[in-house]
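In listed order, ligands and their atoms are each counted from 1.
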Amino acid sequence: MCGIVGYTGKESVTDQLLNSLELLEYRGYDSAGIATLNGETGKAKLRKCAGRVKDLRKLCKKDKKVSTCGIGHTRWATHGGVSDTNAHPHRNGDVLLVHNGIVENYEELKDHFMLHKELKSQTDTEVVAAVLNRFYHGNPHEAIRETVKYLRGTFALVIMFSDQPDVIYAIRNVSPIVAAYNENGTMLASDVVALGSSAKKYMVVPEYVIMELHKTEIKLFHLDGKPCEAEYIDIDWDTTRSGKGSYPFYMEKEIMEQPDALKATMESRIVDGKIDLSADGVPDEVLKDCERICVVACGTAMHAGLVAQSLVQSKLKMHMSVEYASEFMYADPVIDDKTLVLAISQSGETIDTLEALKYARKQGAKSIAVINVKGSSIARESDYVMYTAAGPEIAVASTKAYTTQLITLFLLIGRMAKVRGLLDEAAEKGYLENLVQAPDKMQEVLDQRQDIHKIARQMLDAKDAFMIGRGLDYSILLEGALKLKEVSYIHTEAYASGELKHGTIALITENTPVVATVTQTKLKDKELSNIREVQSRGASVVLMVKDGFELADAEYADVFTLPAMADEFMVFPASAALQLLAYYVSMDKGLDVDKPRNLAKVVTVE
Ligand code: M6R
């Protein structure tokens, strides 16, 4: 959480920082700030405020002096409320600092260094700035080295020292920093999307290594002062794709990009009509030898795991547990060297997923990460990585990352079934024939988005809503409900419809909105009868039903027909419909679709 940036080079820094911060706002958007250092006058300038980057832009408008070196921050508040004072950067003496992460022992540090009188904010970050300044006597490396010895927790620290013109220093533990250069200068950010479109390569700054950004070069040093070799990765995302194009919101653009993203994710993994994971380097033995599978993930990524669970049980006849990563290690999970852990994450930086993965590996588990962001912490921590080809996902609400995670999991499970002798050639062919249709079936739904928009208009005044279904439909709806609640603020519960009458049906009254999906042949009749039960209590039911399923006469508020696929693949068209529903409700309510309140896209605090 929180986005950080830094630039030093030939160009005026203010606009560079503001533009990059805007691209990082998905990481937090309750306050923003920049600090610039003028190499000629030696003067540092601090501008910060509660609010968005656009508010900061207004604040910076009057600044006349041009600087070419600076750092910036967009905040998701953890320690200290949302206020101008708590906004970053923080200054103490010669030190100007922005920080992403949480320094857990900041109260202890206040006492240890007797800082109480000099602090203005309630943040952990200002404490770090003060400690850095205590240790700063003209030698940045020494100050950084001494300070990090005292820090407990996660941090990406980006520092300017007012008497070190044109140089930016950085160090990190867990929280990410990436860096790149072009002909005009060097830059760093929390995420590659903010590095500017002209950079061709970037590096992930290694943990506990001091980085120096100079105008024409980037240097890395181990804490003992020895130089450290940088490893650069090609930027193969078209960073211009990270703009909104002609769409009003990233969420709509990203929903619409799904058919292409699914195709790109499958492309290299289907060779001569067979699933081939050799490019991912996942050995067949790992897939063959494991006795159980365990998913660790959060939010949407965890919901992708739940869909995979049905598939694992039906195709692999194996036990698979799907755990909230945040709960995982506190529940004494049974993990051993026969366990295959799947860590699923768009950002690859979710701290709970990262910690759960580390824990599982310590117990001897093998691991495969399903990740969107290359070189991210979870990708580096895992034995093997399967990257999704979703491209940059900017909207806080995850859409294309989810469906590309699904398609990756379908491929992985298909390959597992093959190597375990549970899928013969003919069955593999049939499986893939279905899978490759997923992009087109999603496209069919996207092409009918105006029909879903009409349904959305009926839900604008709802305070509460339910989504009901059974089996795979229930897993699909858990994600559908998360989408609706996070972007529309309608309290939405996904419920296994057979469970309703054990308590929750008490909440169904006249006109309660209920969205039901009916996509599974073996459950269709039971699902339809559960729908009758809520209708009898006055619910207004929107039905999303697989094409070809017969419906007995019944009144629905609306019916949307989902293009038919084999049951286990229905998650693709159904998810597109549910994503669009959430999107249109939020948009028509006039909400900030891409940046729902209180949320951040990358959750790097536990
Ligand atoms: O980056 P990750 O996939 O690890 O993020 C996990 C969750 O925070 C994320 O899926 C979240 O639930 C979605 N953004 C909600 O749409």
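For atom 4 (O) of ligand 1, the choice among Val487, Thr350, Thr300, Thr399 with the nearest heavy atom turns out to be Thr350. For atom 6 (C) of ligand 1, the nearest non-hydrogen atom from the set Cys298, Ala304, Ala297 belongs to Cys298.
For ligand 1, the polar-atom distance check against Ser398 finds a nitrogen or oxygen pair separated by under 3.5 Å. In terms of N/O distances under 3.5 Å, ligand 1 is not approached by Gln405. Polar contact check, Ser347 against ligand 1: a nitrogen or oxygen pair lies under 3.5 Å apart.
The cationic group of Arg597 lies under 6.0 Å from the six-membered ring centre of Tyr489 and within 45° of the ring axis, placing it in a cation-pi geometry.
Those atoms of ligand 1 with a heavy atom of Ala397 less than 4.0 angstrom away are 16 (O). Listed by number with element, the atoms of ligand 1 under 4.0 angstrom from any heavy atom of Glu486 are 15 (C), 16 (O). In summary, the atoms of ligand 1 found under 4.0 Å from a heavy atom of Ser345, numbered by their order in the structure, are 1 (O), 2 (P), 3 (O), 4 (O). Interface atoms of ligand 1 facing Ala301, defined by a heavy-atom separation under 4.0 Å, are 3 (O), 10 (O). Taking every non-hydrogen atom of Gln346 and a distance limit under 4.0 Å, the qualifying atoms of ligand 1 come out as 1 (O), 2 (P), 3 (O), 4 (O).
The residue from Asn100, Val174, Leu354, Val103 that alone fulfils the side chain to side chain contact (heavy atoms under 4.5 Å, CB included) condition with Thr154 is Val174. With respect to Glu257, the salt bridge (Lys or Arg N to Asp or Glu O under 4.0 Å) criterion is satisfied by exactly one of Lys244, Lys400, Lys263: Lys400. The only member of Ile293, Leu311, Leu287 that meets side chain to side chain contact (heavy atoms under 4.5 Å, CB included) when paired with Leu316 is Ile293.
The closest side-chain donor-acceptor pair between Gln579 and Gln258 falls under 3.5 angstrom. Looking only at atom types and distance, the side chain of Arg292 has a donor-acceptor partner in the side chain of Thr339 under 3.5 Å away.
Classified by interplanar angle (parallel below 30°, tilted 30° to 60°, perpendicular above 60°), the ring pair Phe410/Phe569 is tilted.
Neither the backbone nor the side chain of Glu349 comes within 4.0 Å of ligand 1, counting heavy atoms alone.
In this structure, His303 does not count as a contact residue of ligand 1, since none of its heavy atoms falls inside 4.0 Å of the ligand. Val396 counts as a contact of ligand 1, since one of its heavy atoms falls under 4.0 Å from the ligand.
In this structure, Tyr106 has its ring center closer than 6.0 angstrom to the ring center of His79. Between Phe155 and His99, the distance separating the two ring centers is not shorter than 6.0 angstrom.
What sits closest to atom 8 (O) of ligand 1 on the protein, heavy atoms only, is Val603 CG2, 4.0 Å.
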